Amino acid sequence: MKTQIFIAALFLSGFTFAQEKKNDSVKTQKIEEVVMTKQVFKKQSDRFVYDVAASPVTKGNTTFDLLRQTPLLSTTDDKTLKIAGKNSALIYINGRKSNMDAESLAQFLKNTPAENIQKIEVITVPGSEFQVEASDGIINIVLKKKMSDGLNGNMRMSNSQNKYNGSSASFSANYRKDKLGISANLYGGDNIQAQHYVLRNGNDLSSNESTGNIDDPNQYIGGYLNFDYQLTEKSNLALSWNSNANKSYNSTVNLFNTIKSFDTESQSYITNYTNSRNREDARSYNNSVNLNYELKTDSLGSKLNVNAAYLNYRRFQFTDNKTFFADSAGNDTGLGQTIHQNLPQIINNFSGTVDYIQKFKNDFTVSIGGNFNKTKTDNDTQNDTFIEGEPTESAPNHFIYDENIYGMYLTLEKKFSDKFSGKIGTRYEITNSLGTSDNAAEEYRRIERNYNNVLPYVSLNYAINDKNNISYAFSSRMRRPSFWELNPVRNILTENNYTQNNPFVKASSTYNQELTYMYKSSYFLILNHSYFKDVITQVPLQGYAKSMDGTISEQNVLRYIRTNFGDKQEMSAMVGIQKTFFKQYLTMNFNIGVQHNVNNGSLAVDPTNGDIFLDKDGNEIVYRNNIKSTSILIQTNNTIRLDKKKTWFLGVNYFFVDKQQIELGMLKNLMSLDLSIKKNWNDWTFALNLNDVLRTNIVEIEDYQANGNYNYVRNDQFRRGGTFSITYNFGNQKVKKVRNIEGASDDIKSRTR
């Protein structure tokens, strides 16, 4: 949809506190209720543990609200979560990946009350037993255990006001009777995602400027149904089904374009005006089913876990992109170019995992397992171009992508003493993929990729004494492109400005190191280094495009091409505190750090069609990014109790991300002040949240090349706004939570969109 045109590139670029999407994914399942008496933040082996059982932050809030206020976690776009120093975060529940695809995650997190959480574990460098990509971290949500039979649940309604109004509602229920547990959730809502763009690119001789709005209305409904049955005292069988549907009809782009070119004969600029008026209808469906069997093999905690899953993802997108001639006041004077696009994507995935954990009495644990994923994506696209109403070009392309992934791992963990413990492991992954197109140049009709990767991991943890703890971790990972990044479609913004996906993108490699020191379970220092090889990102190529047959475009064009773009390093140092003051009237979470980015990439040729880019004099243009930058990062979340009865709470949250160099250029600083007020009354909670009060969370990117080209992006997503919510908890609050099951296809879901 339109919102992904530039934001996917910005927030997957890897700055510490900014969030992606896409990155490609973050996922969760269901969260219920919380009540606690104290907060504890401490380091345990390979993870940080945040004990929120009595935190005033939890009651009446959503899962997303709670996670964004957890130490080391942050969000700059109010949609996605990041762990400090990591590209993105995967959500686990009780040690297992949740059954939720990436596209519906944000809606789900914001529609699920966060009221059954015992603690949150932040795993900054996951071990070999976890299926993660690149520098992804893991957020593991541990739920309270309840022992009695019965029914409980909650209902939540909310209304939000940004540029437009939106509403949502959710209902969750949890039932347990003897050996059977049933968990269900249903949520739905509607909103309009609004954006304002200012886009400038060009040089001294020619330039394009586009300004205007994008409105993307969404209606969504989703939920899950889980059954968990205890076969014997040592074995369980579970079946889960997740479903989500989203409809985005009449999504519009309205941009006014000013195109200038220098005329050498008259020694003056010639200015032309156009309007880009694009309309899109899109809908998506995601259904997955997972069968799980778990067998406990001894009293020490050894167990066998087997999963089998099927995932079906369907997205249908129809776009009508029109360019109108216009006058200087922006009035249409005639129809120019029209492009109709039909961009469907269908994904089917079959997968399975087997994991076995053997625990020994001498604090030694061996974990071994394997996984298999078979995925087929079908993209039967159609592009028809009309000039002044007359058909000029038809470009259908049926792209099919088949991928098989085989993985296995071995992890050894040993506690040598009360002070020292260590963990070592490795993953071996085999990836075979084949992409075929039926309407492309011969060299582009068959794209085959085969990878064999050995991915080592090691972590060491030393408790110097009761107050001091130090740990080190190293991990090697790879990042495969998401399926929508491989789908060779063109997302048109204006006649001369579009993004292009790329079926030739190959997997990238990442090497992560982290050194952590913690004092009194309240103060911490984290040093992190990540090296990325063959970074997957969007690269802005601009100039007069010269095709392989020698044809040169009449206008200066700008293409954001998805490709592998050199190498990158990220180094960060962060100090923080998680502590309560004034007899628990103030709970503070404060982080401050510095990040150093080193970019090293260049690109001269459009990898999707072989075009090169020329300046006005016919010289070849190369886009380069070998700039270093150092940035300051600040985040603080504060909860103030306003009365003795613990019924009124004030929240004051703030983040600041200094300007820093990313692949697209220099990202200017981002910051946001968020306020909230909450009232607890019996089983009811009333909350008002105000986001981006100062209206400072607006993305700006600026890039100047040595060859004279410049590129500027300003993206305002109207994040300033307010949300009022009402939450009601009902039933037996001692109901035991249904066992959460990791889906065998979860690592594939994160790559759907």
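Just so you know, these numbers come straight off a predicted model, no measurement behind them.
Atoms OG1 and CD1, on Thr516 and Ile470 in that order, are 8.5 Å from each other to the nearest 0.5 Å. Separation of atoms OG (Ser471) and OH (Tyr462) is listed at 13.5 Å; rounding is to 0.5 Å. Residue Gln219 holds its CD atom at 9.5 Å from CG of Asn191, rounded to the nearest 0.5 Å. Separating the NZ atom in Lys678 from the CG atom in Leu642 is a distance of 11.0 Å, to the nearest 0.5 Å. With values rounded to the nearest 0.5 angstrom, Phe649 atom CZ is found 9.5 Å from Thr685 atom OG1. From Asn246, atom CG reaches atom CG of Asn244 across 6.5 Å, with rounding to the nearest 0.5 Å.
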- Query: Stepwise, does the side-chain contact (heavy atoms from CB on, under 4.5 Å) test hold for Ser530 with Asn528?
  - Reply: CA-CA 7 Å; Ser530 295; Asn528 182 274; 3.4 Å; yes

- Check against side chain to side chain donor-acceptor pair (under 3.5 Å), Asp674 and Ser672: CA-CA 6 Å; Asp674 305 330; Ser672 180; 2.9 Å; yes

- Query: Between Asn669 and Phe656, is a side-chain contact (heavy atoms from CB on, under 4.5 Å) present by the stated rule, with each step listed?
  - Reply: CA-CA 7 Å; Asn669 63 65; Phe656 172 80; 3.8 Å; yes

- Derivation of the side-chain contact (heavy atoms from CB on, under 4.5 Å) call for Asn286 and Asn242: CA-CA 8 Å; Asn286 187 295; Asn242 286 264; 5.8 Å; no

- Message: Checking Lys520 against Lys467 for the side-chain contact (heavy atoms from CB on, under 4.5 Å) test, could you report, in this order, the C-alpha distance in whole Å, the side-chain angles of both residues, the deciding distance, and whether it holds?
- Response: CA-CA 4 Å; Lys520 287 186 175 180; Lys467 297 180 180 180; 4.0 Å; yes

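Asn174 and Ser172 share no side-chain donor-acceptor pair at under 3.5 Å. Between Ser631 and Asp658, the side chains place no donor N or O within less than 3.5 Å of an acceptor N or O (distance only, hydrogens not considered). At a cut-off of 3.5 Å, with distance as the only test, no side-chain donor of Asn159 or Ser167 sits close to an acceptor on the other residue. Checked by atom type, the side-chain pair Asn468/Tyr517 shows a donor-acceptor distance below 3.5 Å.
Around the CD1 atom of Ile632, the shell of radius 6.0 Å holds no more than 12 heavy atoms that belong to other residues, nucleotides or ligands. Within a 6.0 Å sphere centred on CG of Asn682, heavy atoms belonging to other residues, nucleotides or ligands number more than 12. Around atom CZ of Phe581, more than 12 heavy atoms belonging to other residues, nucleotides or ligands sit under 6.0 Å away. Within 6.0 Å of CG in Asp418 there are 12 or fewer heavy atoms belonging to other residues, nucleotides or ligands.
Panel note: side chain Asp643, backbone Trp648; a donor-acceptor pair is recorded below 3.5 Å. Between the side chain of Asn152 and the backbone N or O of Phe730, no donor-acceptor pair lies under 3.5 Å.
Annotation for Asn697 and Arg719: closest pair O-NH1, 3.0 Å, computed over non-hydrogen atoms. Taking every heavy atom of both residues into account, Asn597 and Glu570 meet most closely at OD1-CG, 3.7 Å. Taking both residues in full, the closest heavy atoms of Leu670 and Ile698 are given as CD2-O, 3.2 Å, listed atom of the first, atom of the second, then distance. Considering all non-hydrogen atoms of both residues, Pro126 and Ser475 come closest at O-OG, 4.0 Å. The heavy-atom pair separating Leu72 from Met574 by the smallest distance is CD2-SD, 4.2 Å. Taking both residues in full, the closest heavy atoms of Asp215 and Lys163 are given as OD1-NZ, 4.3 Å, listed atom of the first, atom of the second, then distance.
With sequence neighbours left out, the salt bridge (charged side-chain N to carboxylate O under 4.0 Å, His left out) criterion links Asp716 to Arg695. The side chain to side chain donor-acceptor pair (under 3.5 Å) test applied to Lys679 returns Thr647, not counting sequence neighbours. For Asn637, the side chain to side chain donor-acceptor pair (under 3.5 Å) test picks out no residue, with sequence neighbours left out. Listed by chain and number, the residues in a side chain to side chain donor-acceptor pair (under 3.5 Å) with Tyr585 amount to none (sequence neighbours excluded). Remark: Phe686 engages Trp681, Trp684, Phe724, Ile726 in a side-chain contact (heavy atoms from CB on, under 4.5 Å) (not counting sequence neighbours). Scored by the salt bridge (charged side-chain N to carboxylate O under 4.0 Å, His left out) test, Arg714 finds no partners at all (sequence neighbours excluded).
Here the side chains of Leu675 and Val652 are in contact, with some heavy-atom distance below 4.5 Å. Side-chain atoms of Arg641 and Lys646, non-hydrogen and from C-beta on, do get closer than 4.5 Å to each other. The closest side-chain heavy-atom distance from Ile120 to Ile139 is below 4.5 Å. No side-chain heavy atom of Val699 sits less than 4.5 Å from a side-chain heavy atom of Val713. Here the side chains of Ser725 and Arg156 are in contact, with some heavy-atom distance below 4.5 Å. Contact annotation: the side chain of Leu650 never approaches that of Asn638 to less than 4.5 Å [non-hydrogen atoms, C-beta and beyond]. Taking 4.5 Å as the limit, every side-chain heavy atom of Gln195 sits out of range of all side-chain heavy atoms of Asp216. Looking only at side-chain heavy atoms (C-beta outward), Phe524 and Asn591 come within less than 4.5 Å of each other.
The aromatic rings of Tyr220 and Tyr187 sit tilted relative to each other, their planes meeting at an angle between 30° and 60°.
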